[in-house]
Protein chains: 2
Amino acid sequence: MIGRPAADRIERRSGVSLWRQIADKILHAIAIGDFAENTALPPEVALAERYGVNRHTVRSAISALVQEGVLRAEQGRGTFVLSRKRLSYPIGARTRFSTGLQGQTSERHIVLLASSVEPASQRVAEGLGLARGAEVIRLETRGEADGRAVSRAAGWFEARRFAGIDAVMAETGSITASLARFGIDDYLRQSTVLSARHADAADLADLDLQPGAIVLVTVAVNATPDGQPIQFSESRFPAERVELRLSAL
Amino acid sequence: MIGRPAADRIERRSGVSLWRQIADKILHAIAIGDFAENTALPPEVALAERYGVNRHTVRSAISALVQEGVLRAEQGRGTFVLSRKRLSYPIGARTRFSTGLQGQTSERHIVLLASSVEPASQRVAEGLGLARGAEVIRLETRGEADGRAVSRAAGWFEARRFAGIDAVMAETGSITASLARFGIDDYLRQSTVLSARHADAADLADLDLQPGAIVLVTVAVNATPDGQPIQFSESRFPAERVELRLSAL
DNA sequence: TAAATTCGTCTATTGATATAGACATCTATA
DNA sequence: TATAGATGTCTATATCAATAGACGAATTTA
């Protein structure tokens, strides 16, 4: 009957610097409510002792989180937790961006960043049940809540069937509304594959992240109720700001 | 109409060393099939140019992946991709470890590592609908497939109702079979919350990971068909070896 | 007002990380 | 068998990461 392992130790020579690991730990502690919002963090010397590192290393971690807007340091007073817990993003058969985030944020929307017509790659063709190289429309979108990027997605639609969906999307700002214009009243999430990795340069720019951050990646297919695929998408979420809630289908 | 951003660039001063970032990229390339199994990677000089770093930095990344058993380097010949793609782990209303992995692996099982009786923490009590401090049984398990750790979970059960489930679990090696002994013929996944973070020291030991790895974390509640919660669990998956497939419910 | 607490800055030192170049060693092939 | 192409090893240097200690500056508390 062993106890739960103490997880507050740090790995050296890992390829991940200590200050980044400690920043991650502080973020996690905030996310699970260990460090409450609008209260002071333990003082730097206490954190240094807790994690077994030098005070300057803790300061590097705090400095990164101040840059990210999570903490605010005040000389003589302390370091305070600013940001709210992670946004809980629903994933389910009827996942739509606009629903499910209600109550968690005051302001949310989707921005259409770019669109293009292109030949379907292998995986897009597979996902949509098209021949490889068939023309598809790609929509690049960013989801924002309270002024922060919470998702960055690329969605592919068959070009023949959904010609002009880019313009509709730009006008409506909603995938659901855009599909409705093409006679799709209802659609379901047919499959979702989920993975995680370190943010690359593109993620950093797209999601306004600091280097070293982690992104959650979902690859999904939406289909009509009778199983006909209509959208293939790859979405990226900043793990430090978003958790995925797998809702009932 | 912008193009897809080239994602092969590297972040410096990020808290994540370049060799670790490149190791991640190579893992990702293998996972999506860019570098096929049992074939040679591009030569070190080519990778160095591709990622814009020194050859020695690429060698550090490769060396780490050789340690992890993903690659094999042969002097004079090349560096070869050994490991298979990520295991696709099903998550759904009727998720059980034994089903769904069929065909992907030849050998799989769950090991009971430890068990204990303890008072319910805040979140466990909430998840199970018990009073805080009520007695619960905790089972610590590891899932293995083809000799590699693919999951590490802690599960909590109400102690009164499931007294002795630890012994049954040790005997059967199956949560489903253990619950059956207590009259639970069927159960459903009531909720799942998913997040990602860097592996800490405990994860490294538990999942046999190299420092710097990423873990996927799910916190879930299983309940009887009529909605009575029976199990609260937190599971950790190595992101480099596992992706989660959200299956229909 | 004085003391204690806390964050901010500075210097110095050590070890890990990254670059650079040269050359050895092994393998496949012309 | 000679050569090209690949990994392996070595030296050297510059920068980043981490530790250590001392002290300054702002705030709260006694």
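Everything quoted here is computed from the prediction, not taken from an experiment. Lettering of chains follows the sequences in order, A, B, ..., and the numbering in each one begins at 1. Hydrogens, waters and symmetry mates play no part in the numbers below; they use all other heavy atoms, side chains included.
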Pick base, sugar-phosphate or nothing for A:Ser60, based on heavy-atom distances below 4.0 Å to the nucleic acid.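 No contact.
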Is A:Thr57 near enough to D:dA17 that one of its side-chain N or O atoms lies under 4.0 angstrom from OP1 or OP2?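 Answer is no, no contact under 4.0 Å.
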Please check the phosphate of C:dA16 (OP1 and OP2 only) for any side-chain N or O of B:Ser17 closer than 4.0 Å.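 Answer is no, no contact under 4.0 Å.
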Starting at [atom1] of [X] and ending at [atom2] of [N], how long is that distance when rounded to a whole Å?
X	N	atom1	atom2	value
B:Arg20	C:dA18	CZ	P	11 Å
A:Glu74	C:dT5	CD	C1'	15 Å
A:Trp19	D:dT19	CH2	C1'	17 Å
A:Asn54	C:dA12	CG	C1'	13 Å
A:Ile22	D:dT19	CD1	C1'	12 Å

Identify the heavy atoms of [X] and [Y] that sit nearest to each other, and give their distance.
X	Y	value
A:Val16	B:Arg20	CG2-CG, 4.4 Å
B:Pro119	B:Val136	C-CG2, 4.2 Å
A:Leu207	A:Ser151	CD2-C, 3.7 Å

For residues 39-47 of chain A, which residues have at least one heavy atom under 4.0 Å from DNA chain C?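 The answer is A:Pro43, A:Glu44.
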Which nucleotides of nucleotides 22-30 of chain D have their base under 4.0 Å from a protein heavy atom (B), which only their sugar-phosphate (S), and which neither (-), written as one string 5' to 3'? B-BBBSS--
Without swapping roles, check the side chain of B:Arg241 against the backbone of B:Ala149 for a donor-acceptor pair under 3.5 Å.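 Checked: pair present.
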Has the side chain of B:Ser60 got a donor or acceptor atom that lies under 3.5 Å from a matching backbone atom of B:His56?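 Judged by distance alone, yes, a pair lies under 3.5 Å.
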Do A:Glu234 and A:Trp156 meet the criterion of a side-chain donor-acceptor pair at a distance under 3.5 Å?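 No, because no side-chain N or O of A:Glu234 sits under 3.5 Å from a partner of the opposite role on A:Trp156.
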Which residues pass the side chain to side chain donor-acceptor pair (under 3.5 Å) test with B:Gln75, sequence neighbours left out?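 Once residues adjacent in sequence are excluded, B:Gln75 has no partner under the side chain to side chain donor-acceptor pair (under 3.5 Å) criterion.
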Identify which nucleotide among C:dT9, C:dA18, D:dA18 has an atom closest to any side-chain atom of A:Arg59, counting heavy atoms from C-beta outward.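 Taking heavy atoms from C-beta onward, the closest nucleotide is C:dT9.
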Given C:dA18, D:dT19, C:dC7, identify the nucleotide with an atom nearest to the side chain of B:Leu18.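 When the side chain of B:Leu18 is considered, C:dA18 is the closest of C:dA18, D:dT19, C:dC7.
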State which residue, out of A:Ile214, A:Val217, A:Leu216, fulfils the side-chain contact (heavy atoms from CB on, under 4.5 Å) condition with A:Arg197.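 Among the candidates, only A:Val217 passes.
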Please tell me if the side chains of B:Tyr89 and B:Glu243 come closer than 4.5 Å, counting only heavy atoms from C-beta onward.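 Not touching, per the 4.5 Å side-chain cut-off.
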